[in-house]
Structure formats: C-alpha cells, structure tokens
**Q** 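Please see the structure below; I have some questions.
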Amino acid sequence: KKDSEFVTVFEFLNETKYEIKDNLPSIKWDINDQSTKVIENYNCFEAKTNFRGSDIIAYFTEEIPFSTGTFKFGGLRGTILEISEKNSNFNSWIAVVVEKSTDKVNFVKHNAKKINLIDYLELVEKENDEFFFKNTKNLGSNVTVKRMKVPRQGIEKIYEWEKIIK
C-alpha cells in the first residue's frame, strides 16, 4: 500500500508478523530523456536518485501513466519497470511480465502487529544483539568476543534520522 507520504510493508521477525509504517522522504529524480531502453515492449526513460544512501537507477514508462514502482519507489511521470542500485546485482528488480487489467484490486487485511519503522529497526537490532550474546555466552572465561556492527547491505543503508559518523 503506497501513497505520497508513507508506505506500509509487512515483515516477519521470528514468528511475529509486523505491519511497518514508513514515512518516506521526498525522492528527487534526475531524469535523462536521452537514455532509453525497451522493457516488455514499453519505451522507458532513465532516472537516477540517491535513496537512503544508495545510488539508484530506474527505467520508467509514460505508457503506463501511474506514478508508482516496486518497493518504496515512485514519483516519476510513469510506472517504474526496472530499478537497481548502481554497481550492485543484488538490489535490483525488473518487470518480466506486464499485463493490463480492469479487475478491481482487493487489499487483504493482515493480522499483524503495527509498528513504525524506527521502532521496528530498534527491535531488529535488539533481536540481533540477543542472538549474538546467546550464542557466545558459553565460550569460556578465557575467550573475549566483541560484536562488530556491520553496515546495512540493502537498499536502505542510512535513514534520514541517522547521522553519518566517519
């Protein structure tokens, strides 16, 4: 579910399903009308942005006049059919089938615990800490273990409320 101010995503953490509300930052796209490609028989234009610490390249078509895309992306003058993080094969999506339909979309109600993104990320960090300490507590008194914090590897590397510390 997406609108101009927030997106709701569903995630599982352990056995609990969470409905996470994320207030999205405004995405400023740099559109290059000279860089084009055809995806599923649609003429697409290139657009670039930086989204939460990742350089993003998207291809969108005006032939499907809805300002939407996958994950948390939108805000272009058409539908995003391909999107990827620059220099990454892992964080990428491409439309492989595009079917037009006049069917009404019915959104399914989910039984999930509602939470905002900041609280969910804190909960994930707490779970990770507990997992680490549970699995290292019996190593013996002569063993010293320090947990290293690994930078995020997904599209969202840094959030707008976090400060970059170098």
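We use all heavy atoms of the structure for the numbers below, so side chains are in, but hydrogens, waters and symmetry mates are not. In what follows, residues are counted from 1 in the order of the sequence shown.
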**Q** Within the structure provided, determine whether N43 and E63 are in side-chain contact (heavy-atom separation under 4.5 Å).
**A**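 Sidechains of E63 and N43: in contact.
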**Q** By the definition side chain to side chain contact (heavy atoms under 4.5 Å, CB included), identify the one residue from Y42, W93, F60 that meets it with L81.
**A**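 Of the listed residues Y42, W93, F60, the side chain to side chain contact (heavy atoms under 4.5 Å, CB included) partner of L81 is Y42.
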**Q** Once rounded to the nearest 0.5 Å, what's the spacing between atom CD of E11 and atom NZ of K17?
**A**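 Taking CD in E11 and NZ in K17, the distance rounds to 10.5 Å.
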**Q** Would you mind reporting whether K72 and I27 have side-chain heavy atoms less than 4.5 Å apart?
**A**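 No, side chains not in contact.
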**Q** Does F131 CZ have over 12 foreign heavy atoms under 6.0 Å away?
**A**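 Open.
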**Q** To the closest 0.5 Å, what do you measure between CG (L117) and CH2 (W161)?
**A**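 Spacing of CG (L117) from CH2 (W161) equals 4.0 Å.
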**Q** Is it true that, when you exclude K37 itself, more than 12 heavy atoms of the residues, nucleotides or ligands shown sit nearer than 6.0 Å to its NZ?
**A**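 Atom NZ in K37 is packed in, count exceeds 12.
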**Q** About how many Å separate CD of E127 and OG1 of T16, when rounded to the nearest 0.5 Å?
**A**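 Here the interatomic distance stands at 8.0 Å.
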**Q** Is it true that D119 and K113 have a side-chain N and a carboxylate O under 4.0 angstrom from each other?
**A**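 Salt bridge between D119 and K113, a charged N being under 4.0 Å from a carboxylate O: no.
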**Q** With a 3.5 Å distance limit and no angle check, can you tell me whether T79 reaches the backbone of T68 through a side-chain donor-acceptor pair?
**A**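 Absent.
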**Q** NZ/K86 to CD1/I56 distance, rounded to the nearest 0.5 angstrom?
**A**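 The CD1 atom of I56 is 11.5 Å from NZ of K86, to the nearest 0.5 Å.
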**Q** Just how far is it from atom CD1 of I57 to atom OG of S88, taken to the nearest 0.5 Å?
**A**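 Rounded to the nearest 0.5 Å, the CD1-OG separation comes out at 10.5 Å.
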**Q** So for atom NZ, which belongs to K157, do other residues, nucleotides or ligands contribute more than 12 heavy atoms lying within a distance under 6.0 Å?
**A**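 Buried by this count: over 12 neighbours within 6.0 Å.
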**Q** Counting only heavy atoms not in Q34, do more than 12 sit closer than 6.0 Å to its CD atom?
**A**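 Result for CD/Q34: open.
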**Q** Within a radius of less than 6.0 Å around NZ of K134, do more than 12 heavy atoms belonging to other residues, nucleotides or ligands occur?
**A**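 No, NZ of K134 has 12 or fewer neighbouring heavy atoms, counting only those of other groups under 6.0 Å.
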**Q** Do R77 and I31 come within less than 4.5 Å of each other through their side chains, counting heavy atoms only?
**A**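 In contact.
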**Q** What distance do K21 atom NZ and F6 atom CZ have between them, rounded to the nearest 0.5 Å?
**A**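 The CZ atom of F6 is 5.0 Å from NZ of K21, to the nearest 0.5 Å.
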**Q** Among F73, Y159, W29, which residue satisfies the ring pair (Phe, Tyr, Trp, His ring centres under 6.0 Å) criterion with F51?
**A**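 Testing F51 for a ring pair (Phe, Tyr, Trp, His ring centres under 6.0 Å) against F73, Y159, W29 leaves exactly one candidate, F73.
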**Q** Answer yes or no: are there more than 12 heavy-atom neighbours, outside N41 itself, under 6.0 Å from its atom CG?
**A**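 No, not enclosed.
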